[in-house]
Undergrad: 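Here it is: the structure, laid out below.
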Amino acid sequence: MSASTVVRQETPAPKFTHALSRTQRLVSARMESALVGDDTLLAAMRYAITGGKMLRGFLVLESARLHEVSDEVALDAALAIECMHAYSLVHDDLPCMDDDDLRRGLPTLHRKWDEAMAVLAGDALQTLSFELLANPKFGDNTLTLIRMLAQASGKDGMVSGQMLDIAAETSPQPLTLEQIILLQRRKTGCLISWSATAGAVIANADTEPLRHYAEALGLAFQIADDILDVEGDAEKVGKRVRKDAEAGKATFVSVLGLDAAKTRAQQLCNQACAALDIYGDRGETLREAARFVISRDS
Ligand code: IPE
Ligand code: IPE
Ligand code: MG
Ligand code: MG
Ligand code: MG
């Protein structure tokens with residue numbers, strides 16, 4: 001186990017590993033068919049979507065599977081959230097935001113092309129998310145999926161979290177734990193919650209258990225990201241590390257310290273798993289995903 005590992009993972013996660021590679025295969029193939037063409041904007045959009053873990057797409061397909069919704073039906077929702085997430089990263093890396101040069105082991109989009117291309121590819125990825133959801137396959141739930149994604153992404157969700165994150169860099173006082181939790185819920189948690197509940201929405205089923213799972217998972221995910229920034233290896237993580245403290249970011253690690261942040265991540269993982277009790281064994285792939293989230297090295 002490498003020193004960069006966030007929390008020790010003693011057990012393998014065969015179901016999750018299999019489902020994640022399947023997601024990567026399916027979403028990548030669907031992305032190729034949705035973005036055919038050789039103009040630069042399309043090339044930049046494909047570049048932005050490629051190479052990530054596709055954890056959010058996995059959550060969509062897995063929450064769908066849990067409710068007997070086929071991959072065929074759920075796939076456009078999985079691609080939609082990966083487009084939204086990719087857009088958030090492309091903009092997050094811009095010089096006016098986190099000013100990063102490396103993403104997923106490759107130059108960030110504005111480094112590969114330029115800032116205008118990064119802004120525009122991000123914009124087009126965001127609108128593509130909604131285009132993918134405006135799909136007869138989702139029947140009566142189409143508008144719910146669209147409204148929930150708009151809420152998760154915008155002024156009450158991801159963009160608001162990004163705003164709080166940037167504002168915290170120059171805040172005269174360090175943020176309190178409560179303020180950091182709010183920031184991280186919005187910045188990272190909202191898109192993860194949308195992903196984990198999408199399958200239940202499509203199936204007209206109760207979203208509450210998955211919402212509880214995702215709330216804990218989203219925070220655990222961001223704590224792991226913050227810990228990786230401190231302990232991770234840039235080669236494996238695929239992005240620059242040891243940048244949060246330098247930039248004055250408010251993170252779980254900055255307020256709790258490393259050890260307490262790790263303990264908190266483990267508690268949140270346990271909470272996420274407990275929220276799946278109602279699904280019995282059928283929830284095992286999602287439990288494995290929660291354990292992966294806190295033990296990942298990339
Ligand atoms: C990174 O997300 C950004 C955060 C929200 C912390 P991921 O770690 O899911 O990034 P990719 O998609 O796998 O590259
Ligand atoms: C990014 O958070 C969150 C969003 C893009 C919404 P970070 O700034 O911590 O992500 P990394 O570390 O650059 O991937
Ligand atoms: Mg950021
Ligand atoms: Mg960043
Ligand atoms: Mg980070």
Side-chain angles (χ1 to χ4, degrees), residues 4 6 48-57 59 81-111 115 118-119 121-123 125-126 129 149-169 175 180-195 214 217-256 258 261 265 293-294 296-298:
S4 65
V6 172
I49 297 173
T50 305
K53 294 181 287 296
M54 299 200 176
L55 183 76
R56 295 157 190 78
L59 290 170
I81 194 67
E82 287 298 329
C83 289
M84 187 64 80
H85 168 60
Y87 132 69
S88 80
L89 294 179
V90 169
H91 284 193
D92 180 73
D93 289 334
L94 281 168
C96 58
M97 300 277 289
D98 289 354
D99 191 12
D100 271 313
D101 297 343
L102 190 68
R103 171 67 64 188
R104 298 171 174 169
L106 292 171
T108 46
L109 202 143
H110 66 275
R111 284 285 178 180
E115 285 180 39
V119 170
D123 291 343
L125 283 164
Q126 184 187 174
S129 303
L149 186 60
Q151 287 167 341
S153 311
K155 69 175 174 53
D156 300 315
M158 184 273 291
V159 171
S160 155
Q162 289 286 71
M163 179 69 229
L164 295 170
D165 179 280
I166 295 293
E169 288 181 16
L175 264 53
I180 290 179
I181 290 173
L182 177 73
L183 181 169
Q184 311 283 36
R185 275 215 171 103
R186 291 189 173 193
K187 170 174 114 163
T188 308
C190 286
L191 293 191
I192 289 186
S193 284
W194 186 90
S195 311
L217 185 77
L219 283 178
F221 184 89
Q222 186 59 50
I223 295 178
D225 186 76
D226 297 342
I227 295 172
L228 278 173
D229 183 82
V230 178
E231 292 197 323
D233 168 358
E235 285 258 316
K236 277 196 192 141
V237 182
K239 55 191 185 187
R240 193 155 62 90
V241 291
R242 305 198 229 304
K243 59 191 160 71
D244 288 347
E246 195 186 302
K249 293 285 187 195
T251 70
F252 281 97
V253 177
S254 75
V255 71
L256 294 175
L258 262 181
V293 154
I294 62 160
R296 65 204 172 96
D297 59 9
S298 72

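This chain uses plain numbering: 1 for the first residue, then up along the sequence. Both ligands and their constituent atoms are indexed starting at 1 by order of listing. Computation of the quantities below employed the complete heavy-atom set of this structure, encompassing side-chain atoms and omitting hydrogens, waters and symmetry-equivalent molecules.
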Undergrad: State, without any angle test, whether Gln184 and Asp165 hold a side-chain donor-acceptor pair at a distance under 3.5 Å.
TA: no

Undergrad: Pairs in or reaching into residues 151-160: which pass salt bridge (charged side-chain N to carboxylate O under 4.0 Å, His left out), with residues at least two apart or in two chains?
TA: none

Undergrad: Roughly how far, to the nearest 0.5 Å, is CH2 of Trp194 from CD of Gln151?
TA: 12.5 Å

Undergrad: Count up the protein N, O or S atoms sitting under 2.8 Å from the Mg ion (ligand 5), would you?
TA: 1

Undergrad: In terms of side-chain geometry, is the basic nitrogen of Arg242 or Asp229 positioned less than 4.0 Å from the acidic oxygen of its partner?
TA: no

Undergrad: Should Glu169 and Lys249 count as an ion pair when the cut-off is N to O under 4.0 Å?
TA: yes

Undergrad: Give a yes or no on whether a salt bridge exists between Asp92 and Arg103, defined as a side-chain N under 4.0 angstrom from a carboxylate O.
TA: yes

Undergrad: Which residues pass the salt bridge (Lys or Arg N to Asp or Glu O under 4.0 Å) test with Lys239, sequence neighbours left out?
TA: Asp225

Undergrad: Below 4.5 Å, heavy atoms only, C-beta onward: do Met158 and Tyr87 meet side chain to side chain?
TA: yes

Undergrad: Write out the protein residues near ligand 2, meaning a non-hydrogen atom under 4.0 Å from one of its atoms, in order of chain and number.
TA: Ser88, Leu89, Asp92, Asp98, Arg103, Met158, Gln162, Lys187, Gln222, Asp225, Lys239, Lys243

Undergrad: Quick one, Val241 with Leu228, criterion side chain to side chain contact (heavy atoms under 4.5 Å, CB included). Give me CA distance, side-chain angles, the key distance, then yes/no.
TA: CA-CA 7 Å; Val241 291; Leu228 278 173; 5.8 Å; no

Undergrad: Is Asp92 close enough to the Mg ion (ligand 4) to have an N, O or S atom under 2.8 Å?
TA: yes

Undergrad: Run the numbers on His85 and Leu125 for side chain to side chain contact (heavy atoms under 4.5 Å, CB included), then give the verdict.
TA: CA-CA 9 Å; His85 168 60; Leu125 283 164; over 6 Å; no

